[in-house]
Asker: 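Questions regarding the structure given below will be posed in turn.
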Amino acid sequence: MTKNIAVIRGDGIGPEIVREAIAVLDRVADRFGHTFAYTDVDMGGCAIDKYGEPLPASELQKCLDSDSVLLGAVGGNKWNSMPGHLRPEKGLLALRAGMGVYSNNRPAKIWPQLADASPLKKSIVDKGIDFIIVRELIGGIYFGEHKTEETDGQKTAIDVLTYSESEIERIGRIGFETARKRRKQLCSVEKSNVLDSSRLWKTVMHRLAEEYPDVTLTDMLVDNCAMQIVKDPSQFDVIVTENMFGDILSDEASMITGSIGMIPSSSLGQTSCGLYEPIHGSAPDIAGTDTANPIGTILAAAMMLRFSFDMAAEADCIEAAVSAVLDAGYRTADIMAEGCQKIGCSECGRLICEAIAK
Ligand code: NAD
């Protein structure tokens with residue numbers, strides 16, 4: 001099979017981790033007889049430097065013309081003082097909106113080899129952590145109007161939170177469908193005791209539930225959910241929530257599984273062309289030191305094979321290779337533990353490639 005992959009290396013550690021993910025994809029292509037062609041796309045700080053904007057239309061078009069997009073990370077201190085519309089993160093929001101990817105799916109799963117890296121008590125971890133957060137990605141407060149007004153010398157900042165029934169319904173369906181393929185438990189998270197948008201969210205979820213009688217739907221307020229994720233994460237199978245709540249809860253969920261360097265995510269819309277990336281940022285503090293953990297990006301590439309290219313065996317092969325490298329005791333600095341051997345980003349990629357070739 002031939003697939004065209006748009007590659008956004010981005011800023012900070014982005015180019016280092018993407019390089020390793022591409023090496024892994026090439027190894028998979030060799031082993032399974034595929035051809036992966038890569039088109040480089042500039043986005044984020046590097047695009048601001050080159051074109052004066054974080055995602056020029058021509059770069060977005062390259063992504064739309066591809067079979068899927070692999071992204072490292074964007075952003076860094078250099079661009080922090082730029083005006084809002086010229087921040088690297090704006091490129092990310094424009095990419096998601098341009099691709100129409102409205103659903104972000106993030107697994108929170110503990111690798112048994114890294115159970116000690118979880119900050120939670122062993123008694124909690126031992127009950128198992130294996131859930132997915134399905135987050136609405138292109139609506140809500142991040143996409144509403146933002147403005148700051150000044151009256152009588154006093155500034156007031158306004159951010160608008162809007163959700164329509166159809167926006168809620170399409171993400172709700174992804175939540176139900178995802179739960180259907182797993183343990184059939186869907187937890188809808190909102191703040192319906194305070195927000196109108198959450199009350200509509202809850203109404204739509206319960207209306208949808210009638211179409212999915214095999215899935216058990218529960219409701220949880222977002223503040224309670226934040227507590228339950230650390231108190232008893234084993235209770236969750238699939239969580240579905242709106243954009244900002246999902247942003248915060250998915251970062252919390254990533255921490256309880258160990259390092260954010262290990263976690264991939266996928267963003268999908270109506271087509272099979274998805275956006276695949278690690279959940280972390282550009283980590284400017286370690287950029288260029290060959291210490292970044294490339295596994296989140298490598299597992300994002302595996303998700304791309306599984307969900308966009310229908311290559312389940314190839315994805316399994318990458319995940320097994322990651323597991324084998326962890327089993328052999330190799331660890332990047334962020335997941336280093338006593339008795340293990342510390343390796344850098346490029347060595348980690350090389351070992352995973354070696355495990356795939358076997
Ligand atoms: P970050 O995720 O980049 O880093 C947080 C901490 O985790 C740092 O100590 C970093 O060294 C560490 N870390 C992150 N990824 C790692 C990896 N693969 N291996 C080892 N350690 C890793 O978050 P931040 O510091 O808040 O943000 C840095 C920049 O990234 C900012 O400009 C932010 O806007 C941007 N950002 C981009 C994305 C994205 O591109 N999707 C996401 C979040 C943040």
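Start at 1 and go down the list; that is how both ligands and their atoms are numbered. Remember, it's a predicted structure, so these values are computed and weren't measured experimentally.
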Asker: Charged N to carboxylate O under 4.0 angstrom, Arg199 versus Asp196?
Answerer: yes
Asker: Could you list the residues that satisfy salt bridge (charged side-chain N to carboxylate O under 4.0 Å, His left out) with Asp232, not counting sequence neighbours?
Answerer: Lys127
Asker: Salt bridge or not between Asp42 and Lys62? Use side-chain N to carboxylate O under 4.0 Å.
Answerer: no
Asker: Could you name the protein residues that come within less than 4.0 Å of ligand 1, counting only heavy atoms, and order them by chain and residue number?
Answerer: Ile13, Ala73, Val74, Gly75, Gly76, Glu89, Leu92, Ile260, Gly261, Glu277, His280, Gly281, Ser282, Ala283, Pro284, Asp285, Ile286, Ala292, Asn293, Asp334
Asker: Can you check whether Gly45's main-chain N or O pairs, donor with acceptor, with Asp11's side chain at less than 3.5 Å?
Answerer: yes
Asker: Are Arg173 and Glu169 ion-paired here, with the side-chain N under 4.0 Å from a carboxylate O?
Answerer: yes
Asker: Just one of Val240, Val222, Asp219 clears the side-chain contact (heavy atoms from CB on, under 4.5 Å) bar with Glu190, so which one?
Answerer: Asp219
